[in-house]
Amino acid sequence: MLQALARVPEPRDAGGRIHPLPGLLAIAIAAVVSGSSRVVETVKWAADLPDATWERLGATRDAFTGVRRVPDDSTLSRVLTRTPSMLRCAAGCSAGRV
């Protein structure tokens with residue numbers, strides 16, 4: 001799935017990107033399949049993922065503390081509103097579900 005999501009055009013400016021787009025989209029899709037219906041629920045669901053999963057999704061760690069960086073709800077919401085509408089629907093983000 002990550003390979004397919006890597007083909008989605010990046011909607012964000014190059015500066016300030018912390019989380020890779022394919023990983024964010026995979027989180028959104030998997031969280032919805034697991035029952036999440038809002039961005040806040042998705043972020044909460046994602047925070048409980050094991051470290052090995054985060055590594056696979058391309059998660060970064062804080063340069064000073066080494067703590068894994070988990071996307072917050074505003075980051076995920078901004079990304080999802082800028083992705084193609086067909087993908088947003090696949091991630092369950094249409095019709096007010098996010």
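What's counted below: heavy atoms across the whole structure, side chains too, no hydrogens, waters or symmetry copies.
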At what distance, to the nearest 0.5 angstrom, does [atom1] of [X] lie from [atom2] of [Y]?
{"X": "Glu55", "Y": "Thr60", "atom1": "CD", "atom2": "OG1", "answer": "9.5 Å"}
{"X": "Leu21", "Y": "Thr83", "atom1": "CG", "atom2": "OG1", "answer": "7.5 Å"}
{"X": "Leu80", "Y": "Thr42", "atom1": "CG", "atom2": "OG1", "answer": "8.0 Å"}
{"X": "Ile18", "Y": "Arg69", "atom1": "CD1", "atom2": "CZ", "answer": "4.0 Å"}
{"X": "Ser34", "Y": "Glu41", "atom1": "OG", "atom2": "CD", "answer": "11.5 Å"}
{"X": "Asp73", "Y": "Lys44", "atom1": "CG", "atom2": "NZ", "answer": "12.0 Å"}

Is there a path of hydrophobic side-chain contacts, each under 4.5 Å between heavy atoms of I/L/V/M/F/W/Y residues, joining [Y] to [X]?
{"X": "Val8", "Y": "Leu76", "result": "yes"}
{"X": "Leu24", "Y": "Trp54", "result": "no"}
{"X": "Met1", "Y": "Trp45", "result": "no"}
{"X": "Val79", "Y": "Val39", "result": "yes"}
{"X": "Ile29", "Y": "Val43", "result": "yes"}

How far apart are the closest heavy atoms of [X] and [Y], and which atoms are they?
{"X": "Arg12", "Y": "Arg82", "result": "CG-NH1, 4.3 Å"}
{"X": "Asp13", "Y": "Arg17", "result": "O-NE, 3.0 Å"}
{"X": "Pro22", "Y": "Leu5", "result": "O-CD1, 3.6 Å"}

Any side-chain heavy atom of Leu2 sitting closer than 4.5 Å to one from Leu25? no
Evaluate the side-chain proximity of Leu49 to Leu57: yes if any heavy-atom separation is below 4.5 Å, no if none is.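 Leu57 reaches Leu49 side chain to side chain.
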Within the supplied structure, the quantity of interest is the number of heavy atoms (other residues, nucleotides, ligands) at a distance under 6.0 Å from Arg61 CZ; does it exceed 12?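 Yes, the 6.0 Å shell around CZ holds more than 12 heavy atoms from other groups.
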CG/Asp62: more than 12 non-hydrogen atoms of other groups inside 6.0 Å: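 Yes.
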Is the backbone N or O of Val67 less than 3.5 Å from a side-chain atom of Thr65, with the two atoms forming a donor-acceptor pair by type? yes
Can you name the salt bridge (charged side-chain N to carboxylate O under 4.0 Å, His left out) partners of Arg68, sequence neighbours left out?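 Arg68: salt bridge (charged side-chain N to carboxylate O under 4.0 Å, His left out) contacts with Asp51.
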If the condition is salt bridge (charged side-chain N to carboxylate O under 4.0 Å, His left out), which residues does Asp48 pass it with, not counting sequence neighbours? none
